[in-house]
Amino acid sequence: MGATSTSGASASGSAIVTRFAPSPTGYLHIGNARTGMFAWLYARHHGGRALLRIEDTDKVRSTKEAIDVIFDGLGWLGLDWDDEPVFQATRVDRHAEVAAELLAKGAAYRCYMTQDELAEARAAAERDRRPFRLQSPWRDADPSTAPDRPFVVRIKAPREGETVVDDLVQGRVTVANAELDDMVLLRSDGTPTYMLAVVVDDFDMGVTHVIRGDDHLNNVFRQLTIVHAMGWPEPVYAHIPLIHGGDGAKLSKRHGALGVDAYRDELGILPEALFNYLLRLGWGHGDDEIISREQAIAWFDLDAVGKSPARFDIKKLENLNGHYIRATDDSTLSDLVAGRLDFEVSAEQRDLLRRAMPSLKPRAANLLDLTDGAAFLFRTRPLGIDPDAAPLFEGGARTLLARIHAALDGAVSWDTETLETAVREVAEAAGVKLGAVAQPLRAALTGRRTSPGIFDVLELLGREESLGRIADQMA
Ligand code: GLU
């Protein structure tokens, strides 16, 4: 039996080289980003090299914008690469060269079957209810009988024995070689197929560990036919399960955002949070929830990657994001919020934002919350009042506001302690609870029902602006 096996032994001893090989699709799918992270972490953990290859052979999809989305998303996630990225489309001549070498070795052949002949062979398999496995008459034909018409180049796949792969995540996977077809290496226009390009590029880049999505598991056996025919070392394979939605189905548009950029721009997620979340999705280190990049590099290995698909849970991501928001310094956060505001933020306003951060960030799960929470700082008088805040001015509230105005106007200094004492005194004198005073005050100062602590709000807005906003609403 001509059993061929890949144990991974071929790659041991030398430094580990991994690669991430995204195809430009217009967005960097978070499932792909996670696979890229795993390939990157594996190399970093083992002191190897992490490489990037852009699989840009689909000319329609591979626009500059689509490629930039990948660079942008990877850079934002903090993934860096040990060499210039390889662009697959620039390597077609090399791919064709390998096909020519395989032809010369007799490991591949020119197949002159016409579209009609292929369709007929397919129809015959369907009629006989057997799986279609191409048996080209040209596999063993005498080349001198070749007709003068277009041809494709096909690999001579082994027909005996089996191919065994010891995948670092999926375990041992075996396929009978009789199942393999003589796949096309070069199309009739001379362009290489994806199968050929991947194998040649991995070899030329010195890739020792192919870490990628498990949607490529079936490709391994076909790709190995090329590796074996060229006599190249087999890479070690690790096929990472895809991410599924909360309902267990493969993550798709209907589950919400798919691209890394959408998590950043539309959901206001911090890169540290997405990194930590994607890392913990299908990989774990005990019960640790919060894992820094340095810890991830120190701890990451593939043996702790589960075989079953991980379920995406936006709530968990937001919880982590809240943690990272609270852990991020106030200047960085105010810069991020300033970038999301729809006006040019002055140095003074940026300073105000920074001073507001300690009261804003405990409440925020994402940068949208944070930006929204900061909005009151920059509103101009007279403030529009949210419909749900308007009832807070009913009853005697406007009269109370006038009393608060008088009390605050007389405050000897404008710090939270003095302000709190003044407001409490008004509540006591009026015989009402603090909340009965604080709620209309909040609505007057922010136009909203919710905000950071009311004394912090007063202090941040300052004496003049606070008194003005209160005066606008009082009776
Ligand atoms: N370009 C392929 C993809 O984006 C990955 C190919 C590979 O990793 O071998 O799915």
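When a residue number appears, it is its place in the shown sequence, counting from 1.
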Output yes when [X] and [Y] qualify as a salt bridge under the 4.0 Å nitrogen-oxygen rule, no when they do not.
| X | Y | result |
| --- | --- | --- |
| D330 | K361 | yes |
| D83 | R53 | no |
| D351 | R354 | yes |
| E428 | R424 | no |
| R350 | D335 | yes |
| K250 | D215 | no |

Look only at the side chain of [X] and the backbone of [Y], and say whether a donor-acceptor pair between them is shorter than 3.5 Å.
| X | Y | answer |
| --- | --- | --- |
| R398 | Q473 | yes |
| S62 | D58 | yes |
| E179 | A176 | no |
| R463 | D409 | yes |
| R34 | L281 | yes |

Handout entry: Among D82, D201, D202, D204, salt bridge (charged side-chain N to carboxylate O under 4.0 Å, His left out) partner for R19
Key =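 Per the salt bridge (charged side-chain N to carboxylate O under 4.0 Å, His left out) rule, the option paired with R19 is D202, out of D82, D201, D202, D204.
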Handout entry: is_close_aromatic(W40, F20), centroid dist under 6.0 Å
Key =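 No - the distance between ring centres of W40 and F20 does not fall below the 6.0 Å cut-off.
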Handout entry: Side-chain donor-acceptor pair present, R91, Q88, cut-off under 3.5 Å
Key =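 Checked: R91/Q88 side chains show no N/O donor-acceptor pair below 3.5 Å.
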Problem - Side-chain donor-acceptor pair present, R187, T191, cut-off under 3.5 Å - result: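 Looking only at side-chain atoms, T191 and R187 do form a donor-acceptor pair, the distance falling under 3.5 Å.
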Hey, can you tell me if [X] and [Y] have their rings parallel, tilted or perpendicular (30° and 60° cut-offs)?
| X | Y | value |
| --- | --- | --- |
| H46 | Y42 | tilted |
| F378 | F343 | perpendicular |
| F71 | F87 | perpendicular |

Exercise for the section: Report yes or no: is the cationic atom of R293 (NZ for Lys, CZ for Arg) under 6.0 Å from the centre of the six-membered ring of F275, at an angle within 45° of the ring normal? Expected result: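 Geometry flag: set, cation within 6.0 Å and 45°.
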Handout entry: Worked verdict on D181 versus R222 for salt bridge (charged side-chain N to carboxylate O under 4.0 Å, His left out)
Key = CA-CA 8 Å; D181 61 348; R222 307 170 85 205; 3.1 Å; yes
Practice task
May I ask you to test the F203-V98 pair for a side-chain heavy-atom distance under 4.5 Å?
Solution key: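 Side chain of F203 against side chain of V98, heavy atoms only: no contact under 4.5 Å found.
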